[in-house]
Structure formats: structure tokens, C-alpha cells
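See below for the structure under consideration.
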Amino acid sequence: VQGVGFRPTVYRYARRHRLAGSVKNTDRGVIVEVEGPKEGITRFYREIIDTPPALAVITDSSLDWRPVRATTGSASALPAGARATLPAHC
């Protein structure tokens, strides 16, 4: 996904929900990995699905819960709770 504003939107939403993580483009879509409180991750996911960037169309997504790594961004400063991977096809 290039040029649709996905990364800046994910960054803004992650900061709003006090999450840390990363965004990766792959040949199958976008992988978003976030860490933080489970409630924040759930709200973050809903916000991306309900309010994606104006030029992005999310055709498929899922929320995959994983053990906390606390190695991405500033996750070690966040309350440990959950880590999620959100693959999305835009």
C-alpha cells in the first residue's frame, strides 16, 4: 500500500490509544503489529476498520493476539497487556 496515507493514520491512531508497534507493507497487504493494553488494541483496530484513510479501502482484515514482546517502539514503557498483528488487504 503506497500513497494512501495508511502509515500516518496508523501512527496517529496508535498514539491516541497509547500503543507502540510497526507497519510493514508485504506482497499480500499491510501488517500492523501493536503492543499495549488489550482494550487499547481493540479500540485501535475498530478505529482503523471504521475510519481508514480517505484513499484506502480495506477489503479484508483480522486481529491475531500474540504474547507481548515489549521490543517494538516504546512498548516497554507501556502497561504490558497484549500484542496484536493486524493483516489488512487494501
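- Evaluation of the side chain to side chain donor-acceptor pair (under 3.5 Å) rule for R16 yields E47 as partners, not counting sequence neighbours.
- Side-chain contact between F6 and L55 is absent, with no heavy atoms from C-beta onward closer than 4.5 Å.
- Remark: R15 engages Y11 in a side-chain contact (heavy atoms from CB on, under 4.5 Å) (not counting sequence neighbours).
- Between V10 and F44, the closest heavy-atom pair is O-CE1, 3.6 Å.
- Considering only heavy atoms from C-beta on, L19 comes within 4.5 Å of P37 through its side chain.
- Inter-residue side-chain proximity for V23 and I31 is flagged as unmet; no heavy-atom pair is nearer than 4.5 Å.
- In this model, a donor atom of one side chain and an acceptor atom of the other lie less than 3.5 Å apart for Y45 and S61.
- From I41, atom CD1 reaches atom CD of E35 across 7.5 Å, with rounding to the nearest 0.5 Å.
- With values rounded to the nearest 0.5 angstrom, H17 atom NE2 is found 10.5 Å from R12 atom CZ.
- Between atom CZ of residue R43 and atom CG of residue D50 there is a gap of 13.5 Å, rounded to the nearest 0.5 Å.
- Contact annotation: the side chain of N25 approaches that of R7 to within less than 4.5 Å [non-hydrogen atoms, C-beta and beyond].
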